[in-house]
Every structure is written in structure tokens, then in C-alpha cells.
Number of protein chains: 2
Amino acid sequence: MKFSKATNYALHTMLYFVVTDPKQQLGVQPLAEKMEISPTYLSKILTQLVKAGLVESASGAKGGYRLPRGWESISFLDIIHAVEGPVSLFDGCLNDNPECMVKQVMVSAEDKMEEELKQRTLADFAESAPAAL
Amino acid sequence: MKFSKATNYALHTMLYFVVTDPKQQLGVQPLAEKMEISPTYLSKILTQLVKAGLVESASGAKGGYRLPRGWESISFLDIIHAVEGPVSLFDGCLNDNPECMVKQVMVSAEDKMEEELKQRTLADFAESAPAAL
DNA sequence: TCTATTATAGATATAATAACTCTTTTATAG
DNA sequence: CTATAAAAGAGTTATTATATCTATAATAGA
Ligand code: SF4
Ligand code: SF4
């Protein structure tokens, strides 16, 4: 019952994009070194973010990654969902009773968490946390 | 990023105690049959609940499990914590900066979820959901 | 005390998932 | 054409979840 390391890497990577320069193309090597993981692994995570539209990539020489226009409104939840997939904290419900309050409680709890994660966007970090990473 | 099956079993077991008879001693076999898992496995989960003080157990003949006095105020969060341990959705933070907003966001999101889970107690299910399980 | 019953503990096996690596392919600037 | 960098795919290892089996401890009742 915790977020994967991949999600961690994704969050930190996105934040790093913000605190450096959202416009500039950035290769995967410097990022990988910062977090001490292999470039190919991080690349795989970044590809997930690309597919979710949370970063832009450019192949070939002088290529790299950068934030897309509109990056300011990307939320924590967006990033988490991009990496973890559509998570539902509560699964394995056999007799699928829609009235069941157990499910309702769990779903509502998850919603509360997601609400919070949705409200926090990269814009919040543009000024406030340049020293974080 | 989801709750374990064990947590599921624990929640359903607790609910089952409520909808049947909170006072009566109940062996592990009937419960295990209901959820189609082995008695020893469920027993292990129940033992965790016992250690957390969420159920009472009695060894020996005519023994079994039952809810303790004050069971009405046991919350979903109590049960989850008893089985999952002290979970923190966000770990693997290396340079432990207490000012870090990333951590703050994640912790606050988790808090929101836990608040909700804390407010839902077994008492809510005493009348409302006798047909759930 | 003896026996049947029931929880507890420990060791172990299996399965599933996460975490990571290596290799190959595709794309592009110069 | 070539150097560079991302994307894709296959495969490996590590970790954790899930579950079972066996043995031990406790207790009520005969
Ligand atoms: S009690 Fe609710 S959550 Fe559990 S199996 Fe039934 S419908 Fe699903
Ligand atoms: S940026 Fe924040 S969450 Fe990430 S390692 Fe640093 S202190 Fe921890």
C-alpha cells in the first residue's frame, strides 16, 4: 500500500524540469545521474509520461525531453496516474453489489486523496520549491 | 498502489462479526469457508487484529473470536493499519528535507484519505448493512 | 487427568509484481 | 552518412504477497 519507486522518480523528474527550465530540452543522462538510476529505466518511465502527454520528447541528435505548453496545470494526480495506471485501492470485490457500503467507503476515501492530489499542480512549484531537488 | 487481499479479508471479517452477533464467539472455520480461503491463513490475519486490540480471542474448546467491548468505535482505518502496518504512501525520500513540498503534498493527500477512513466506524454498519456480506 | 477443540507460531512454498538491465530499432540534426 | 538520443522489446533479478503445512500452546468439559 504505497506508491512505487517509479512514481517517485516521475514526480522528481517533473519537478526537476520545473526548477531548471521548462523550455529547455533535457537529456535523460543527467536526470538518471541525479537520482542514481540507469538511464534506460528512467527512459521507460519518461516514455510513460510522454504517452500521457505530460512531457514532450524529441528523438535524434539534440533531442531530449521537456515540458509541454500548459505544463503549469499538470497535477500530481496526472503524474501518478500516468505511471501507476488507473489504480483502485480497493479491488477483489467478488459479489459486485453496487449498494455495498464497504466499497462506497473505500472509494470515497480514495476520492478524497485524489482531490488533494489534483489540486496540486506544477505551477505551485514554479516559485516555491526551486531548492527541493 | 492498492490494499492487500489480507486487508480485504480483515474488513469483511470485521463486518461479518457486526452483522451476525458482536457478542458471540465465532470460530475461524465458518469465516474461512465464507471467503474461500484456508483457515490458517485467515487465522493469521485475525491474530494481527487481536494484537491490535480489534478482536478478542479465546483458545481451547469453545474458543473463538469476537468483538471487544467498544467495538462500535473501531474505524476502517484501525483495521487497515492493523493489517497493513504503518503505511506511508510516499517513502524512499533520500535527502530528508523537512521543508520539502513534495513530501508535504503527498502526506497531506494521505491524511485526507485517512480522515475519511477514520470517520467510518463499525457502528455505521450495525444497522445499515446487514445484507452486505 | 485426559481428550477434543481451537488459537498461535514457525517454517516453507508458490505466485505475483516491482525493479531493473541489455539489446535492438527508430528518428533526426548536422 | 554519422553521431546522438529516444522507443521498444525481451529478459533477469529481487522483493513482496499469498497461502499452506506442521507443530505448539491453551482451555473447556468429561
Ligand atoms: S461486501 Fe461489498 S465489497 Fe465485499 S464482496 Fe460484497 S459487495 Fe464487494
Ligand atoms: S525533493 Fe523532497 S521528497 Fe524528494 S528526496 Fe528531496 S526532500 Fe525527499
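Chain A is the first sequence line, chain B the second, and so forth, proteins listed ahead of strands; every chain is numbered from 1.
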Ring-plane angle category for A:Tyr41 and A:Tyr9, please: parallel below 30°, perpendicular beyond 60°, tilted otherwise.
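Geometry flag for A:Tyr9 against A:Tyr41: perpendicular rings.
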
Does a side-chain N or O from [X] land closer than 4.0 Å to OP1 or OP2 of [N], or not?
{"X": "B:Lys51", "N": "C:dA9", "result": "yes"}
{"X": "B:Ser38", "N": "D:dT20", "result": "yes"}
{"X": "B:Ser57", "N": "C:dT8", "result": "yes"}
{"X": "B:Tyr9", "N": "D:dA19", "result": "yes"}
{"X": "A:Ser4", "N": "C:dA18", "result": "no"}

Give a yes or no on whether the ring-centroid distance for B:Phe125 and B:Phe76 is below 6.0 angstrom.
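Ring centroids of B:Phe125 and B:Phe76 are less than 6.0 Å from each other.
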
I want to verify a distance call: between [options], whose nearest atom is closest to the [X] side chain?
{"X": "A:Thr40", "options": "C:dA11, C:dA7, C:dT21", "value": "C:dT21"}
{"X": "B:Tyr41", "options": "D:dA19, C:dT21, C:dT8", "value": "D:dA19"}
{"X": "B:Tyr65", "options": "C:dT8, D:dA8, C:dT21", "value": "C:dT8"}
{"X": "A:Lys5", "options": "C:dA7, C:dA19, D:dA6", "value": "C:dA19"}
{"X": "A:Val50", "options": "D:dA8, C:dT21, D:dA7", "value": "D:dA7"}

For atom [atom1] of [X] and atom [atom2] of [N], their distance in whole Å:
{"X": "A:Ile45", "N": "D:dA7", "atom1": "CD1", "atom2": "C1'", "value": "14 Å"}
{"X": "B:Gln25", "N": "C:dT6", "atom1": "CD", "atom2": "P", "value": "11 Å"}
{"X": "A:Gln48", "N": "C:dA19", "atom1": "CD", "atom2": "P", "value": "11 Å"}
{"X": "A:Leu49", "N": "D:dA6", "atom1": "CG", "atom2": "P", "value": "14 Å"}
{"X": "A:Glu84", "N": "C:dA19", "atom1": "CD", "atom2": "C1'", "value": "13 Å"}
{"X": "B:Leu42", "N": "D:dT20", "atom1": "CG", "atom2": "P", "value": "11 Å"}
{"X": "A:Leu46", "N": "C:dA19", "atom1": "CG", "atom2": "P", "value": "16 Å"}
{"X": "A:Lys44", "N": "C:dT24", "atom1": "NZ", "atom2": "P", "value": "15 Å"}

What are the two closest heavy atoms between B:Ala32 and B:Leu42, and how far apart are they?
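Shortest heavy-atom separation between B:Ala32 and B:Leu42 comes out as N-CD2, 3.6 Å.
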
Looking only at the side chains, is there a donor atom on one of B:Asp78 and B:Ser75 sitting less than 3.5 Å from an acceptor on the other?
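A pair is found: one side chain offers a donor N or O, the other an acceptor, under 3.5 Å apart.
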
Identify the residue among B:Leu117, B:Leu122, B:Val55 that makes a side-chain contact (heavy atoms from CB on, under 4.5 Å) with B:Ile79.
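So the option named by the test is B:Leu122.
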
In B/S/- notation (B base, S sugar-phosphate only, - none; protein heavy atoms under 4.0 Å), nucleotides 24-30 of chain D written 5' to 3' is --BBB--

Taking the side chain as every heavy atom from C-beta outward, state whether B:Thr13 and B:Tyr16 have any pair of such atoms under 4.5 Å apart.
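Side-chain contact under 4.5 Å: no.
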
Mind checking side chain to side chain donor-acceptor pair (under 3.5 Å) for B:Thr40 and listing every partner two or more places apart, or none if nothing turns up?
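Scan of B:Thr40 (side chain to side chain donor-acceptor pair (under 3.5 Å), adjacent residues dropped) gives B:Ser38.
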
Check every strand shown and say whether A:Lys2 touches a base, only sugar-phosphate, or nothing at a heavy-atom separation below 4.0 Å.
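Answer is nothing: A:Lys2 stays at 4.0 Å or more from every strand.
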
I'd like to know if the side chain of B:Gln25 reaches the main chain of B:Tyr65, judged simply by a donor and an acceptor atom lying under 3.5 Å from each other, with no hydrogens or angles considered.
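Yes: the side chain of B:Gln25 pairs with the backbone of B:Tyr65.
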
